[in-house]
Amino acid sequence: MTTDIAQAKAALRTQAIETPSWAYGNSGTRFKVFAQAGVPRTPQEKIDDAAQVHRFTGVAPSVALHIPWDRVDDYAALSAHAREAGVRIGAINSNVFQDDDYMLGSVTNPDPAVRRKALDHLLECVDIMDLTGSRDLKLWFSDGTNYPGQDDIRARQDRLAEALAAVYERLGDDQRFLLEYKLFEPAFYATDVPDWGTSYAHCLKLGDKAQVVVDTGHHAPGTNIEFIVAFLLREGKLGGFDFNSRFYADDDLMVGAADPFQLFRIMHEVIQGGGYGEHVAFMLDQCHNIEPKIAGQIRSVMNVQEATAKALLVDVEALRAAQNARDVLGANAVFMDAYNTDVRPLLAGLREDMDLDPDPMAAYARSGYFERIRDERKDGQAAGWGA
């Protein structure tokens, strides 16, 4: 896009990375959740913790909610609490995978009563969007089958399409849904939304308010995620990201931990494809099992910032010239020069320009916030996602 430092800083100043409420509670793997001290007990305390990430990074102004984990009696009051804390409510995430009724699926379940229950929940989430001013409804379905012959694959797609159409019809003019996909788990034979193509096909049929969300941990090994990003941007169907890292499957590790070069490549396609703006939502979706919650989110935000800064420093004119000259090594060299740039001084300077500490991790450690919540939150039931 540019090699001009001032222009890169200006672009980085506008970046917004949404953090997830569930990342602040006790979370982990399907085998074990290790409880930590100081985790929030209420949605309000999750928002307070998210506000600390924004306080020290300056680019995390919203927090996503997960229903029913974050269900409250008064969503207007919860939104007001967020504003007072210095953030806002972001995407509303539905949950149709934890009730016993959903053992054989939710919106694709062969039982019409279960499908109705799942759809009612999705429509409830749109109601919550109305109350919180949220733009995005995030949909992920664990639906699928474990055995050949267990259910009719085509019929399940029909049921899925019917539910998505009902949700789409309920959306307001300024609202949209983001349809997530996942290669496998917990359905191991045939997941009903297993890949970006399935999500894209359903969204394409419905219209502009249906968009694809790319979770960076939800692909087969070796998948070229940046190709998917480029394709969806070209088609106007990339609604957002769930950023995390994977070594083997859906590991939900901190974004950039496994393959920071991949994150850079993704951000390059986002920028070149016109996706760096309000339309494409940059969201984190991570479960911190062994690392401290708030610090883990701060580090994740910083990792996205660093990848973005490097992508902004690609000398596009030189890259295009090398590509047009069919100079394979020259084009790759331009690309790698940007990736190998140490952008930490640039980002430290940007934070100083924004009246922030140049080192968010150190500033948070010095703030004493963790010590305070560790003592204040000793009593009560800590929030968690129930694994």
Side-chain angles (χ1 to χ4, degrees), residues 18-22 43 46-47 62-83 87-99 101-102 105-109 112-143 158-182 192-193 198-215 237-242 278-281 283 285 385:
E18 184 166 295
T19 68
S21 68
W22 54 96
K46 294 178 185 179
I47 289 171
S62 61
V63 54
L65 301 185
H66 209 297
I67 307 300
W69 299 342
D70 297 319
R71 185 176 279 141
V72 295
D73 293 330
D74 190 337
Y75 288 99
L78 188 67
S79 295
H81 180 87
R83 290 193 298 272
V87 292
R88 66 177 182 274
I89 303 299
I92 303 300
N93 291 254
S94 60
N95 183 321
V96 285
F97 54 86
Q98 283 196 311
D99 286 359
D101 284 343
Y102 299 141
S106 60
V107 297
T108 67
N109 196 296
V114 175
R115 296 201 301 272
R116 182 70 247 179
K117 173 181 175 177
L119 179 58
D120 286 345
H121 171 71
L122 302 183
L123 297 177
E124 175 200 6
C125 288
V126 183
D127 293 340
I128 294 171
M129 293 171 67
D130 293 339
L131 296 171
T132 59
S134 174
R135 176 189 65 170
D136 295 335
L137 171 65
K138 187 97 71 60
L139 302 176
W140 175 71
F141 301 103
S142 65
D143 297 33
D158 291 341
R159 299 167 198 154
L160 172 64
E162 182 180 359
L164 293 176
V167 175
Y168 190 91
E169 181 66 25
R170 171 64 182 81
L171 293 172
D173 292 339
D174 297 324
Q175 296 172 337
R176 61 184 188 167
F177 73 62
L178 308 181
L179 181 57
E180 193 171 351
Y181 56 89
K182 186 176 181 181
D192 291 329
V193 190
T198 307
S199 178
Y200 172 72
H202 282 284
C203 291
L204 186 64
K205 186 174 183 179
L206 287 169
D208 292 340
K209 293 187 291 185
Q211 299 277 304
V212 180
V213 62
V214 174
D215 186 304
K237 278 298 182 182
L238 180 63
F241 288 94
D242 274 353
E278 293 184 359
H279 180 75
V280 177
M283 300 172 281
D285 180 13
W385 60 282

Participant: Could I get the full list of side-chain hydrogen bond (donor to acceptor under 3.5 Å, both in side chains) partners for Asn109, not counting sequence neighbours?
Facilitator: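 Asn109 satisfies side-chain hydrogen bond (donor to acceptor under 3.5 Å, both in side chains) with no residue once adjacent residues are dropped.
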
Participant: What distance separates Ile47 CD1 from Ser21 OG, expressed to the nearest 0.5 Å?
Facilitator: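 OG of Ser21 is found 8.0 Å from CD1 of Ile47.
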
Participant: Look only at the side chain of Asn93 and the backbone of Leu65, and say whether a donor-acceptor pair between them is shorter than 3.5 Å.
Facilitator: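 Yes, Asn93 side chain to Leu65 backbone: donor-acceptor pair under 3.5 Å.
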
Participant: Return the set of residues passing side-chain contact (heavy atoms from CB on, under 4.5 Å) with Ser106 (not counting sequence neighbours), or none when no residue passes.
Facilitator: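 For Ser106 the side-chain contact (heavy atoms from CB on, under 4.5 Å) partners, ignoring immediate neighbours, are Val96, Tyr102, Ala118, Phe141, Asp143.
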
Participant: Check whether any side-chain N or O of Glu18 sits under 3.5 Å from a backbone N or O of Ala91 as a donor-acceptor pair, and report yes or no.
Facilitator: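 Present.
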
Participant: Check for a donor-acceptor pair, side chain of Lys138 on one end and backbone N or O of Phe177 on the other, with a separation under 3.5 Å.
Facilitator: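 Checking the backbone N and O of Phe177 against the side chain of Lys138, no donor-acceptor pair under 3.5 Å is found.
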
Participant: Taking only residues two or more places apart in sequence or in another chain, which ones pass side-chain hydrogen bond (donor to acceptor under 3.5 Å, both in side chains) with His81?
Facilitator: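 Checked His81 against side-chain hydrogen bond (donor to acceptor under 3.5 Å, both in side chains); matches are Asp48.
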
Participant: Taking NZ, NE, NH1 and NH2 as the nitrogens, is one of them in Asp208 or Arg176 under 4.0 Å from a carboxylate oxygen of the other?
Facilitator: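 Not counted as a salt bridge, because no side-chain N and carboxylate O are separated by less than 4.0 Å.
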
Participant: Between Asp215 and Lys182, is there a salt bridge with N-O shorter than 4.0 Å?
Facilitator: no

Participant: Go through the structure and list residues passing salt bridge (Lys or Arg N to Asp or Glu O under 4.0 Å) with Asp158, not counting sequence neighbours.
Facilitator: none

Participant: Could you tell me which residues satisfy salt bridge (Lys or Arg N to Asp or Glu O under 4.0 Å) with Asp120, sequence neighbours excluded, listed by chain and number?
Facilitator: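 Applying salt bridge (Lys or Arg N to Asp or Glu O under 4.0 Å) to Asp120 gives Arg116.
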
Participant: List for me each residue that meets side-chain contact (heavy atoms from CB on, under 4.5 Å) alongside Asp74, sequence neighbours excluded, and say none if there are none.
Facilitator: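 Testing Asp74 for side-chain contact (heavy atoms from CB on, under 4.5 Å), a comparison that skips the adjacent residues, returns Ala76, Ala77.
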
Participant: So, Ser134 side chain and Gly90 main chain: donor-acceptor pair closer than 3.5 Å or not?
Facilitator: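 Yes, the answer is positive, given that a donor and an acceptor are paired below the 3.5 Å cut-off.
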
Participant: Do Glu162 side-chain atoms and Arg159 backbone N/O form a donor-acceptor pair below 3.5 Å?
Facilitator: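 No, because the side chain of Glu162 does not come within donor-acceptor range (under 3.5 Å) of the backbone of Arg159.
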
Participant: Is there a donor-acceptor contact under 3.5 Å from the side chain of Ser62 to the main chain of Arg88?
Facilitator: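 The answer is no, because no donor-acceptor pair under 3.5 Å joins these two groups.
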
Participant: Would Gln211 and Asp136 count as having a side-chain donor-acceptor pair, cut-off 3.5 Å?
Facilitator: no

Participant: Can you sort out the partners of Tyr200 under ring pair (Phe, Tyr, Trp, His ring centres under 6.0 Å), two or more places apart, ordered by chain and number?
Facilitator: Phe231

Participant: List for me each residue that meets salt bridge (Lys or Arg N to Asp or Glu O under 4.0 Å) alongside Asp70, sequence neighbours excluded, and say none if there are none.
Facilitator: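 Per chain and number, Asp70 pairs via salt bridge (Lys or Arg N to Asp or Glu O under 4.0 Å) with Lys46.
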
Participant: Can you name the salt bridge (Lys or Arg N to Asp or Glu O under 4.0 Å) partners of Lys209, sequence neighbours left out?
Facilitator: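 Result, salt bridge (Lys or Arg N to Asp or Glu O under 4.0 Å) vs Lys209: none returned.
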
Participant: Within the side chain of Asp173, is there an N or O that forms a donor-acceptor pair under 3.5 Å with the backbone of Gln175?
Facilitator: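 Side chain of Asp173 to backbone of Gln175: no pair is present.
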
Participant: If the condition is side-chain hydrogen bond (donor to acceptor under 3.5 Å, both in side chains), which residues does Asp285 pass it with, not counting sequence neighbours?
Facilitator: Trp22

Participant: Run Leu178 and Leu137 through side chain to side chain contact (heavy atoms under 4.5 Å, CB included) and show every step you take.
Facilitator: CA-CA 6 Å; Leu178 308 181; Leu137 171 65; over 6 Å; no

Participant: Got a sec, which residues hit side-chain contact (heavy atoms from CB on, under 4.5 Å) with Ala163, two or more places apart in sequence or on another chain?
Facilitator: Val107

Participant: For Glu124, give me all partners under side-chain contact (heavy atoms from CB on, under 4.5 Å), at least two apart in sequence or on another chain.
Facilitator: Ile67, Arg71, His121, Ile128

